[in-house]
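Report on one structure; see the data block that follows.
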Amino acid sequence: MGSGRLGASIGGRLLGIVALLGSLAVTAADARNPFFNDLGPAMLGGALLAFFLRDRVARILVVAATVLWGVSGFSPRGPVDAKVVVLGVDGATFDVIDRLGLPNFKALADEGTRATLTSMEPMFSPLLWTTIASGRPPAEHGVRGFHVASTDCDVARFWDIAEDRGHRVGLYKWLVDYPPREVAGFWVPSWLAPGPETWPAELSYVKELELSKRLRRKQVAARHGTVDLVWGLVGAGVRLTTLVRAVAWSVEERVLHPKPARANLVMQTMRGRIDRDVFIAQLHARDPDLATFTYYATDGLAHLYWDQPEIVEAAYWQADAILGDIRAQLSPDARLIVVSDHGFKAMDGTGLAGQFAPLTERLRARLTAEVAAADVTKVGHKLTVGLEDPAQQAPAVAWLAALRDASGEPFYKVEDLGGGTIGLTLADEQITVERLAGDTVGGEAVTGYVKLTDAYTGTHEARGIFYAVGAGVPAGATIAPRDLVDIAPTVLAALGIPASLEMLGSAAVFPEVTPRVADWDGVLLNLAWLGGEDGQNEEALKALGYIEE
Ligand SMILES: [Zn+2]
């Protein structure tokens, strides 16, 4: 044996050992999470390598690694038992879905029914998702601003009702769902959650990852090291390709120093991957009858990058892929309902006219000091005031209408939406450097109430999306526009449960179970909530532009 040959065989054996150790690690992860190895076809690379290796020991090592890899990559799994799945796509509009010809959305339209889902003011996602889930308006469900927890929702939402009727429920990131409850399925709260609690507790790794910056800042004792965190995420359902993507991103970040838009896109789609991985693993592991999953990058990226279509489109492609993945888990009879809380459009005004943002904090502080406690949130050029006490509506409207600029004109156009919510736009939207230097609002500098910015190029609009597919749904149909309050009766009808007389809408697509019950809110009595932190994830609200940095 020549020295070259010897070197080659040592190299080959080292390669074989590395391959075997790698395969063993992947097999161990796959034993914990049967969806982990989603790179099964990579075993072809091992087979090819084994073919070219001349050293017998090296070849045996690589063949063993290849077989292990192939076994862990093979995960036979039939459809899950879920009867009804609700997929929320925040801010999704047919304008983009149809323009891109997204294949899984197209298949939904071909095999099921679709409609425009008309949103309502104030167009602020926590309120809208609560209206969708309860079939009741903000004045009744009580979710008016963002200082809200699940315990503040005064009415039953469709999962509360389904659970009361004996169904297993799996909830994944529906807005205003923190703190969670112990349920027969699973419950992972959305971005508004200030703490990491989930049900079951082992899913909290997902939230800890999202909250890691905040947790550190709040000096909460570092709970987990990186290895523990990754192992926990794998246990929750995160797949190999997602980890590979995360490693690739950390290299890209260090070497190429990508622009913020690229970083934002990668972070949001990474979250989408993790969420999809965990949701699908839990669909199989916890077997809910009713499950929900909500995707947010279609909203978050659209606010900032509506003028950069390739970024917004990447989010829509991911939403489409997730839709395809979820559908692939369901039996043909399962009913899938897809909704958005509102649509999306370019920010009003072109060029300079669109380049301002109303500010929230000074107005909130002044309104709270002079009239009544309130939240103020910004979506595009609009502000939404949510009063803690809806009885303060009239004085708050009067006070806001009386705020004048330096020339004595009203500063805001005030829209009384009733039930503790008020919509505000600037009466004069021509914001210039000169005006910012000299104008006032109720005697204070205007700079506390509006600023120039070109950071936001997209904003909410009323035309959202609705699709349904599954047993009993007409194929290829488009029906007349529906309202947000129709969704709760629709989901209940899909489950074979009557709606309540208090719900404003009616079921689309599925026949309603009659007669309706008088009231479902009794199911909220004696619910046991898992303890959690008070407050909201203010960092997430700031990142989304709802309140100021
Ligand atoms: Zn939004």
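Start at 1 and go down the list; that is how both ligands and their atoms are numbered.
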For the NZ atom on K378, are there more than 12 heavy atoms of other groups (residues, nucleotides or ligands in this structure) within a distance under 6.0 Å?
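Above 12, so yes.
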Would you confirm whether D375, through its side chain, and F146, through its main-chain N or O, come within 3.5 Å as a donor-acceptor pair?
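Yes: the side chain of D375 pairs with the backbone of F146.
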Taking the Zn ion (ligand 1) as the vertex, measure the angle between atom OD1 in D299 and atom NE2 in H460; round to 10°.
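OD1 of D299, the Zn ion (ligand 1) and NE2 of H460 span an angle of about 90°.
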Testing F105, Y467, F344 one by one against F94 for a ring-ring contact (aromatic ring centres under 6.0 Å, His included), which residue passes?
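Going through F105, Y467, F344 one by one, the ring-ring contact (aromatic ring centres under 6.0 Å, His included) with F94 is satisfied by Y467 alone.
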Is the Zn ion (ligand 1) under 2.8 Å from any N, O or S atom of H342?
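Checking the Zn ion (ligand 1) against H342, no N, O or S atom falls under 2.8 Å.
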2.8 Å cut-off met by an N, O or S atom of D90 to the Zn ion (ligand 1)
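No, outside the cut-off.
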Would you mind naming the N, O or S atom of H303 nearest to the Zn ion (ligand 1)?
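Among the N, O or S atoms of H303, the one closest to the Zn ion (ligand 1) is NE2.
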What distance separates T116 OG1 from F466 CZ, expressed to the nearest 0.5 Å?
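T116 atom OG1 to F466 atom CZ measures 11.5 Å (nearest 0.5 Å).
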